[in-house]
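Structure first, then comments.
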Amino acid sequence: MTGLLGPAEIREIAARLGVAPTKKLGQNFVHDPNTVRRIVTAAGLTPDDVALEVGPGLGSLTVGLLPIAGHVHAVEIDPVLAGALPETAARFASTDADRLTVHRADALRVDAAELADPPPTALVANLPYNVAVPVVLHLLAVLPTLRHGLVMVQKEVADRLVAGPGSKVYGIPSVKLAWYAHAKSAGRVPPNVFWPVPNVDSGLVAFTCHEPPRSDVPREKVFAVVDAAFAQRRKTLRAALAGWAGSADRAAAALTAAGVDPGARGESLTVEQFAAIAASAPAGTPAAK
């Protein structure tokens, strides 16, 4: 990786475009080349990978990805930034700039058809803080070709994504990500590598995709159980899932059939156990429809 963007280059590009980072879009631009190298290295990309970058901004990470991945899809919602990205790639990664495809789009609405040429295999992104979890879960749902990834998010969010059962921060993001992939922490990122400097640390989350825990129950039904369980996380599952099942007694029956203690709480269950509960919904209950 050569020609990476530093603070001077980031400020120069932003000034030329008349761009100022906005909180509305969750923009914090990386201006530290060593952080870019760290992200690309930790992502474990090969020339066979097709990288998907969300929120490329001024192009810091894009320039680092282009020499490594076979192709890079960059999804950018800001029209000015999306329009300028090819020029930045040509300027700082000239020999690899033809590997870049820029999509002026909302990452929460893209689908496999839009990113089919070629289909992405790795998600590598500095995600906007305000939409990080919905973006990751949406892309994993609509892009079956994704095999692995590395995302940079707010440290608090990173902790939730990698948390396991029993952790105080284990919750809906933890379980839903576990449906798609095995996730682990890949380290902390200090605020001073960003412009503007955020008031929190960031964290790197690496994940490797796997088959869903069960193929006999739809993801939507499993996620409905997860949502219900954590909506009232202080309650026992028998009580928390009463609305989901139609009554507390029906919830208890589903839990018992799944081999789960009705007196347990959602924070103690694995994704496999949530799937078993969804599969055990008694016939005739709202959850079984």
Side-chain angles (χ1 to χ4, degrees), residues 108 127 129-144 146 149 151 153-185 203 205-289:
L108 286 169
L127 292 173
Y129 282 170
N130 53 351
V131 293
V133 171
V135 164
V136 170
L137 295 177
H138 170 71
L139 294 175
L140 286 169
V142 302
L143 299 175
L146 285 177
V151 294
V153 297
Q154 186 174 340
K155 183 64 169 58
E156 180 182 347
V157 173
D159 292 343
R160 291 175 181 171
L161 287 172
V162 304
S167 166
K168 291 182 179 180
V169 295
Y170 182 70
I172 291 174
S174 323
V175 183
K176 290 185 177 180
L177 180 55
W179 174 266
Y180 299 105
H182 170 71
K184 64 179 182 179
S185 172
V205 175
F207 64 85
T208 304
C209 295
H210 54 57
E211 291 297 318
R214 292 183 65 145
S215 59
D216 61 334
V217 57
R219 178 186 74 241
E220 293 79 9
K221 287 193 174 183
V222 179
F223 284 9
V225 179
V226 175
D227 289 338
F230 285 101
Q232 304 177 79
R233 65 183 297 152
R234 292 185 178 275
K235 292 188 176 183
T236 66
L237 287 168
R238 183 183 189 277
L241 297 182
W244 165 81
S247 73
D249 286 344
R250 288 182 181 272
L255 289 159
T256 301
V260 176
D261 178 4
R265 290 177 170 78
E267 62 195 26
S268 68
L269 269 58
T270 65
V271 66
E272 290 83 5
Q273 289 174 302
F274 279 111
I277 296 168
S280 299
T285 67
K289 295 179 181 178

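Positions are given from 1 along the sequence.
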Look only at the side chain of [X] and the backbone of [Y], and say whether a donor-acceptor pair between them is shorter than 3.5 Å.
X	Y	value
Ser268	Arg265	yes
Ser174	Gly164	no
Tyr170	Gly266	no

Let's go through Phe223 and Leu137 carefully: what are the C-alpha distance in whole Å and the side-chain angles of both, what is the deciding distance for side-chain contact (heavy atoms from CB on, under 4.5 Å) to 0.1 Å, and is it a yes or a no? CA-CA 11 Å; Phe223 284 9; Leu137 295 177; 5.7 Å; no
Nearest heavy atoms of [X] and [Y], plus distance in Å:
X	Y	answer
Ala183	Leu177	CB-CD2, 3.6 Å
Gly171	Arg233	CA-NH1, 4.2 Å
Val217	Ala279	CG2-N, 4.1 Å
Ala228	Trp244	CB-CB, 4.1 Å
Leu108	Val135	CD2-N, 3.6 Å
Ser280	Ala254	CB-O, 3.5 Å

How long is the gap from [atom1] on [X] to [atom2] on [Y], to the nearest 0.5 Å?
X	Y	atom1	atom2	answer
Ile172	Arg160	CD1	CZ	10.5 Å
Ile277	Lys221	CD1	NZ	14.5 Å
Trp179	Arg214	CH2	CZ	8.5 Å

Any non-hydrogen side-chain atom of [X] less than 4.5 Å from a side-chain atom of [Y]?
X	Y	answer
Glu267	Phe230	yes
Leu140	Cys209	yes
Asp261	Leu255	no
Thr256	Pro262	yes

Which of these, Arg219, His210, Glu211, sits in a side-chain contact (heavy atoms from CB on, under 4.5 Å) with Tyr180? Arg219
Lys/Arg-Asp/Glu bridge criterion (N-O < 4.0 Å) met for Asp227, Lys176: yes
Go through Leu237 and Leu269 one step at a time and tell me if the side-chain contact (heavy atoms from CB on, under 4.5 Å) criterion holds. CA-CA 10 Å; Leu237 287 168; Leu269 269 58; 3.6 Å; yes
